Amino acid sequence: MFAYIVRRLLYAIPILLGTTFLLFLLFNVVPGDPALQLAGKHATREVIETIRAELGLNKPWYGQYFDMLKQLITFDFGRSYWTKQKITDMILAGAGTSFSLGFPAFVISTSISLLVGLVIALYRGSKLDKGVVAFSVAAQSVSLLVYILAGQYFLAYKMGLFPISGYDPDFIGRWQYLVLPIIIFVFLSVAPELRFYRTIFLDELYQDYVRTARSKGLGTKAVLLRHVLKNAMIPILTNLVITIPFLILGSVLIESFFQIPGLGDLIVKAIANNDRPVLISMTVLGTFAYIIFNLISDILYALVDPRVQLK
Amino acid sequence: MSSISFPKTTRYLMGLALFLGLVSMSACTGKAGAKGVLKMPAAADAKSLDPAMADDLYTNEAISLIYEGLVEYEYLKRPHQLRPLIAEAMPTVSKDGLVYTFKIKKGVKFTDSAHFAGGKGREVVAKDFVFSFLRIADPTINSGGFWIFDGKIKGLNDWREKNKTAASVDYDNGPEGFKALDDSTLQITLANPYPQLLFVLAMSYGAVVPREVVEKEGKDFGNKPVGTGPYILERWMRGSKITYVKNPGYAHSSFPTEAEEGDDKALLADSGKTLPLMERVELSIFTESQPLWLNFLSGQLDRAGIPKDNFASVIDSGSNNLKKEFADKGMILTIAPSPDVTYTAFNMLDPFIKKAGPKFRQAIALSGDTKDTLKVFYNNRGIPAHSPVPPGLAGYDENFINPYQRYDFEMAKKLLAESGHPGGKGVPVLQYEIGQGAESRQMAEDFQRRMDKLGIKVQINVNQFSELLSKIDQKKAMMWGVAWGADYPDAENFLQLLYGPNAAPGPNGANYNNPEYNKLFEQMRYMADSPERRQIIHRMMEIFATDMPWLPGIHRVTYGLSQKWLKNYKPGYMGGHIAKFLRVDDELKAQGVK
């Protein structure tokens, strides 16, 4: 397995190089000079050229690309063009915040989806199953914006159950602001996940090994938890592990409406301000996280299913 | 089927959810009674808290609570006037208008910082201002504020040039233009008369910063501000909230003792009191309008602008007053003109625009009804612009009527024909550049429809902001919509937008270059407000109206609401954030929004 992990990590190098090159190409093909925006409304040619020199934008393309690679390899992402903050500090602050929002929502929605998915799969065709599926389809058809607007208006403003918006970096203090966004996040995630897990469980419930287990006299609970759930683990793990990087990257709309200073908010502002170093760092980190979590899901396959061998 | 019990982990999660719910509900009621706190909204976050980076309105406002300069605007007086702040008095000016001498107030201190001896804030001296001003010109800082001194201070441009190639910037041998004669005397020597000098010194770029802290903090200075202002930064949650606490050592500024005739007498209730009036200020950043509005309605904000989508439910369209529902809650409506102008610029170097001539641009102007635009897109929050200069500024001429700022479709068709393009014949597809956003798009589509009626086709190109700037810089844009907000209350700040030498990448993105206009601008820019200067400006407006390098849009009007407990609010202040003048009546606030 060790050799497999090393090999997969080595594969990551060309993927990361390819990503950085594509990104670099994109920023150089898409018009828009960051120096012009930074020079302000009274820009002069001299000021623009000075800014270009400071940012290294006056170097040939390969010089700029090399600078970018150097920064990424040394994990010194430099500073934001716009705020002059260290990008590492910006990402660390935003990632913790986004994770505080995303992780509880992920755990709660996954637990609910797995549990309800298992139950309705078991009662396939019943009123409960039809009702839950219909509800999921309906819930999925409504846009996130509607959940946010309605949640904020009715639950926070009209009923006063939660603060309307805001955030507190203090670990205890933050939860008062996160409960409503988490509820919305859960509501939004449960519907598609529930249908996905239901399908997986249905596939498993009609397998021969389930019939065998039942014929041996095993109870429903034992069949579901000991056999069905375990055999359904591969698609479940794939879905769960691949979701984790997105928890850190945050939800743009939720963070924006609830004034949560996470990475979603950071990305939106970086796009608006043409803050290339921030965008490049975020994209490369996202790619890296995706590769790593893909690898983790492969390793987990081997752990949950003895038939899978990593070579 | 046997019953299924919840697995252990699910039970834990349900417990956690319950706990979070309880935390949330208890917290909702927990902070309502905080006293001495002013809660204000901001439409965007500051990019830095370094005065050298105060390039936009929101950054400038956030900085102005921490930093201050020699002079500031009078809070209650209109038209705008200046008063001394860290300066002991307004400066003495030499007869030729070139030498300004300031005396610095004694006892004004920077707030505490570990970078001062003993960690205690030290007194501000004249050489702090020399350092702070040189920093704006420092080629390694790249401040967007260099324009305030560019070419105007004796020897400064040479100093900047020399330091571009130096190993380190030499602050100890500054130019002749900035001199600390002693600890309490600062002398500024100009290269040419510059009547706007005092105005620009009231901007955040003119604020004083402590050299030792700047040098120790380096690029992090923008995150760890140390100023002399009424407030100290307590916490900055980027993109969410900036919290300030009162500077305990602040004693050098007091509430004005004079208001304008016609002002509410209650505005002078705190007359003469040492500022600031509140212990704490919270600036909440709202990029979406719903949370802003709901926070205001629930009393979590002391003031808010009225979002476009809520305007009709708040303001009676007939009387233009607050609807009863809001008036009954004691909310106070304020209406104030913004010192700005919106316009659609033509690139005067574009081959077709250049060749088509003024009649073509006049025809386009006459085909649009600004009153209709105001109604549809601005809830009538604005007035049609007849020239670049907005009302309330020295040099604004309320009697000037631009003959092309009206709707006259027949005349538009006639002028189009006279320009050599009857029915739009021979006009290429006009390339109309806009920024992102639904509203820009809708306004552009409205323009497209109007042009279609004239027989002219318009292609709308949506751009990222920097992309639009690049097109303007490279003189590739043909037409684009934009707005300009005042840096200081003088017509010069708007008339320079059409001054030939300010062509792109400068503020004259239209690349308009009329020798007579340029000559008149050079004359008026060095003059103080006077009938003679106003006459020159009038002539410049006539030239503008004939050439029409822009389609003038509107001067916006701001509608805002204050809670009944917010005291001392007067709209239309020019200099930074007004938090230090405001007071919250905590007893009234405790009653809530009723």
Side-chain angles (χ1 to χ4, degrees), chain A residues 30-34 36-45 47-48 50-51 54 79 82-85 90 93 104 107-108 111 115 119 122 149 152-153 156-157 160-167 169 172-173 175-176 178-180 182 219-221 256-261 265-266 269 272 274, chain B residues 1-2 4-7 9-10 13 16-17 20-21 23-28 45 47-48 50 53 55-56 139-140 142 144-147 150 164 219-220 222-223 235 237-241 284-288 290-291 294-295 297-298 300 463-467 469-471 473 484 505-507:
Chain A
V30 172
D33 183 348
L36 285 169
Q37 206 164 341
L38 291 165
K41 60 183 194 172
H42 291 271
T44 61
R45 182 68 58 211
V47 169
I48 293 165
T50 318
I51 293 173
E54 187 203 345
R79 286 180 184 264
W82 193 247
T83 68
K84 310 282 183 210
Q85 278 179 291
M90 293 167 85
V107 171
I108 296 168
S111 307
L115 192 72
V119 172
L122 190 63
L149 293 175
Q152 212 166 39
Y153 185 79
Y157 172 61
L161 296 175
F162 311 100
I164 293 161
S165 62
Y167 189 72
I172 300 294
W175 298 106
Q176 59 171 306
L178 290 177
V179 175
L180 181 56
I182 286 173
T220 305
K221 186 175 167 182
S256 177
F257 268 84
F258 287 97
Q259 292 180 280
I260 297 168
D265 191 56
L266 185 73
K269 288 200 172 74
N274 201 355
Chain B
M1 294 281 171
S2 60
I4 300 171
S5 62
F6 288 114
T9 47
T10 310
L13 286 170
L16 177 68
L20 293 178
V23 168
S24 167
M25 285 181 207
S26 62
C28 274
D45 200 359
K47 68 174 185 177
S48 166
D50 177 349
M53 300 294 147
D55 304 334
D56 60 85
T140 63
N142 279 323
F146 179 54
W147 65 272
D150 188 10
K164 266 186 189 169
K219 286 191 171 173
D220 281 327
N223 302 315
R235 178 181 269 173
M237 270 192 292
R238 295 258 185 182
S240 181
K241 190 192 271 186
S284 291
I285 296 133
F286 293 95
T287 46
E288 303 293 341
Q290 169 163 297
L294 296 182
N295 271 296
L297 291 181
S298 63
Q300 294 300 312
N463 300 274
Q464 285 260 5
F465 187 51
S466 60
E467 193 181 348
L469 290 178
S470 290
K471 285 185 183 174
D473 176 41
W484 182 271

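Chain naming here is simple, since letters A, B, ... match the order of the sequence lines and numbering starts at 1 in each. None of these values were measured; they are calculated from a predicted model.
When all heavy atoms of B:Pro507 and A:Ala43 are compared, the pair lying nearest together is CD-O, 4.5 Å. Nearest heavy atom pair, residue B:Ser298 against residue A:Ile164, reads OG-CD1, 3.4 Å. Residues B:Pro139 and A:Thr50 come closest through the heavy atom pair O-CG2, 3.2 Å.
With rounding to the nearest 0.5 angstrom, the CE atom of B:Met53 is 5.5 Å from the NZ atom of A:Lys84. Interatomic distance, A:Ile51 CD1 to B:Asn142 CG, rounded to the nearest 0.5 Å: 4.5 Å. Between the CG atom in B:Asp45 and the CH2 atom in A:Trp82 there is a gap of 11.5 Å [rounded to 0.5 Å]. The CZ atom of A:Phe257 sits 6.5 Å away from atom CD of B:Gln290, with the distance rounded to the nearest 0.5 Å. The distance from the CD atom of B:Gln464 to the CD atom of A:Gln37 is 8.0 Å, given to the nearest 0.5 Å.
Within the 4.5 Å cutoff, side-chain heavy atoms of B:Arg235 are placed close to those of A:Pro169.
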| task | Using the side-chain contact (heavy atoms from CB on, under 4.5 Å) rule, take A:Asn274 and B:Phe465 through it: C-alpha gap first, then chi angles, then the decisive distance, then the call. | result | CA-CA 8 Å; A:Asn274 201 355; B:Phe465 187 51; over 6 Å; no
| Could you walk me through whether B:Asp473 and A:Arg45 pass the side-chain contact (heavy atoms from CB on, under 4.5 Å) check? | CA-CA 9 Å; B:Asp473 176 41; A:Arg45 182 68 58 211; 2.8 Å; yes
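Ring orientation note: the planes of B:Trp484 and A:His42 are nearly perpendicular, at an angle over 60° on the 30°/60° scale.
One N or O on the side chain of B:Ser470 and one on the backbone of A:Asp33 form a donor-acceptor pair closer than 3.5 Å. The backbone N or O of B:Lys241 sits nowhere less than 3.5 Å from a side-chain atom of A:Gln259 that would complete a donor-acceptor pair.
Proximity to chain A (any heavy atom under 4.5 Å) is shown, for B:Asn295, by both the backbone and the side chain. When heavy atoms are compared at a cutoff of 4.5 Å, A:Phe258 does not approach chain B at all. At a 4.5 Å heavy-atom cutoff, the contact between A:Ala39 and chain B is made by backbone atoms alone. At a 4.5 Å heavy-atom cutoff, the contact between B:Asp150 and chain A is made by side-chain atoms alone. If you measure heavy-atom distances from A:Leu149 to chain B, the contacts under 4.5 Å come from both the backbone and the side chain. For A:Ile48, the part sitting under 4.5 Å from any heavy atom of chain B is the side chain, from C-beta outward, and nothing else. The part of A:Tyr157 that comes within reach of chain B is its side chain, from C-beta onward, which places non-hydrogen atoms under 4.5 angstrom from that chain.
Summarising the local packing, NZ of B:Lys219 is surrounded by 12 or fewer heavy atoms from other residues, nucleotides or ligands at distances under 6.0 Å.
Note: A:Ser256 leads A:Ser256, A:Pro34, A:Gly40 in heavy-atom pairs under 4.5 Å with chain B. Among B:Thr287, B:Asp56, B:Asp50, B:Asp55, the residue making the largest number of heavy-atom pairs under 4.5 Å with chain A is B:Thr287.
For the side-chain hydrogen bond (donor to acceptor under 3.5 Å, both in side chains) test, residues two or more places apart in sequence or in another chain that qualify with A:Arg79 are B:Asp220. Every residue two or more places apart in sequence or in another chain that forms a side-chain hydrogen bond (donor to acceptor under 3.5 Å, both in side chains) with A:Gln85 is listed here: A:Thr83, B:Arg238.
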